[in-house]
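Contents: one structure, followed by commentary.
Whatever order the structure lists them in is the order used to number ligands and atoms, beginning at 1.
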Amino acid sequence: MKMKLLVVEDEAQIAAFLEKGLTAHGYDVEWASTGAEGLRLGMAPDVALVILDLRLPDLDGLEVLAGLRERGAVVPVLIVSAWGEVDDRVRGLDLGADDYLPKPFAFEELLARVRARLRPGPAGAGVLRVGGIYLDVLTHVVNVGRAHGKPVGP
Ligand code: CA
């Protein structure tokens with residue numbers, strides 16, 4: 001099953017570039033061109049990750065992020081923005097962003113960060129644990145005694 005990524009970006013050229021590259025790497029891409037649309041589409045349960053620009057015509061990207069978190073969305077959010085100042089980075093992470101990539105960026109780096117965020121594992125946000133039982137929230141695979149379904153040693 002393809003994972004769905006939501007790109008919140010008002011600049012059509014950048015959005016098209018991201019959509020093309022991410023689609024070529026096997027992701028399903030949905031595009032929101034405004035903050036309000038990003039907030040609406042970001043609440044969909046099948047969105048695996050949100051790529052969020054901070055400069056949007058209606059809402060500030062950080063308002064979109066805060067809105068998603070207020071409404072209980074736990075979806076990973078990767079901020080991609082020209083606002084590379086430390087203050088914005090810190091504010092974004094404080095508001096619940098999972099990662100921050102300053103523009104301009106190499107597509108390969110964005111891709112690597114997306115992969116890292118979506119990779120299930122004991123250190124990732126994608127695994128819930130109750131006692132010795134692990135639920136991978138991305139794949140819905142339940143494992144007993146280990147975080148994911150890979151064979152255990154030797
Ligand atoms: Ca923008």
Q. Among all residues two or more places apart in sequence or in another chain, which pass the salt bridge (Lys or Arg N to Asp or Glu O under 4.0 Å) test with E109?
A. R113
Q | E11, N/O/S atom nearest the Ca ion (ligand 1) | A | OE2
Q) Relative to the Ca ion (ligand 1), which of the N, O or S atoms in E9 is the closest? A) OE2
Q | Minimum-distance pair of heavy atoms, taken over all atoms of V64 and G38 | A | CG1-C, 4.3 Å
Q. Which N, O or S atom name in D10 marks its closest approach to the Ca ion (ligand 1)?
A. OD1
Q. Can a salt bridge be assigned to the pair R115 and D99 using a cut-off of 4.0 Å between side-chain N and carboxylate O?
A. no
Q: Kindly assign one of parallel, tilted or perpendicular to the pair F107 and F17, based on the angle between their ring planes and the thresholds 30° and 60°.
A: perpendicular
(Q) What do you get for the angle at the Ca ion (ligand 1) between O on R55 and OD2 on D53, to the nearest 10 degrees? (A) 80°
